[in-house]
Amino acid sequence: MATVFADRLSEHGINVYEVRPGIIKTDMTSAVEAKYDKLIAEGLVPQRRWGFPEDVAKAVAALAGGSFPYSTDTVIEVSGGMILRRL
């Protein structure tokens, strides 16, 4: 969807970004906290910690603040490296 919007809105100076949060510690994830504590400790997330809403907010603030003026249809991973391809 981001690609479609980026293609249509770029000529109007509107950039489109997709923010992909990883495992974020919130009320919604509290029910699975113990499970993910173990998985994170075992290396599921290379940074070996939970993400926090503040991590996502900082990424969104940078985008909203115009820090990427020559980028569009860009995916911003806020996942501690969870999607890294590893050997």
Side-chain angles (χ1 to χ4, degrees):
M1 186 57 72
T3 300
V4 170
F5 283 119
D7 186 43
R8 292 184 180 173
L9 298 173
S10 292
E11 68 180 280
H12 303 288
I14 300 170
N15 296 338
V16 177
Y17 307 98
E18 180 179 341
V19 178
R20 293 182 185 169
I23 302 168
I24 306 298
K25 189 172 255 189
T26 65
D27 291 342
M28 189 173 77
T29 57
S30 64
V32 293
E33 187 172 347
K35 173 185 175 179
Y36 279 98
D37 282 344
K38 182 178 183 301
L39 291 170
I40 290 167
E42 293 171 350
L44 175 66
V45 178
Q47 289 188 351
R48 295 190 186 244
R49 71 170 181 89
W50 281 85
F52 297 100
E54 295 82 7
D55 295 316
V56 179
K58 287 177 184 178
V60 172
L63 294 170
S67 295
F68 301 91
Y70 196 57
S71 299
T72 194
D73 190 31
T74 301
V75 174
I76 307 296
E77 293 284 341
V78 185
S79 66
M82 191 169 83
I83 66 154
L84 284 174
R85 294 183 183 175
R86 299 187 237 176
L87 297 176

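Just so it is clear, the structure is predicted and the values come from calculations on it, not from any experiment.
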When rounded to the nearest 0.5 angstrom, what is the spacing between [atom1] in [X] and [atom2] in [Y]?
X	Y	atom1	atom2	answer
Arg49	Asp55	CZ	CG	4.0 Å
Leu63	Asn15	CG	CG	9.5 Å
Leu44	Ile23	CG	CD1	4.5 Å

For [Y], is there any backbone N or O sitting under 3.5 Å from a side-chain donor or acceptor partner on [X]?
X	Y	answer
Thr3	Met1	no
Asp7	Val4	no
Thr29	Thr26	yes

Tell me whether [X] shares a hydrophobic cluster with [Y], the cluster being built from Ile, Leu, Val, Met, Phe, Trp, Tyr side chains joined at under 4.5 Å.
X	Y	value
Val60	Phe68	yes
Val56	Phe52	no
Val45	Val32	yes
Met82	Trp50	yes
Ile76	Ile83	no

State, to 0.1 Å, how close [X] and [Y] come at their nearest heavy-atom pair, and which atoms those are.
X	Y	result
Pro46	Leu84	CG-CD1, 3.7 Å
Pro21	Val19	CD-O, 3.3 Å
Thr72	Ala6	OG1-CB, 3.6 Å
Gly43	Arg48	N-NH1, 3.7 Å

request  = Decide yes or no on salt bridge (Lys or Arg N to Asp or Glu O under 4.0 Å) for Lys38 and Glu42, but give the supporting numbers first.
outcome  = CA-CA 6 Å; Lys38 182 178 183 301; Glu42 293 171 350; 2.5 Å; yes

task = Evaluate the side-chain proximity of Asp73 to Val16: yes if any heavy-atom separation is below 4.5 Å, no if none is.
result =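 Counting from C-beta outward, Val16 and Asp73 never come under 4.5 Å.
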
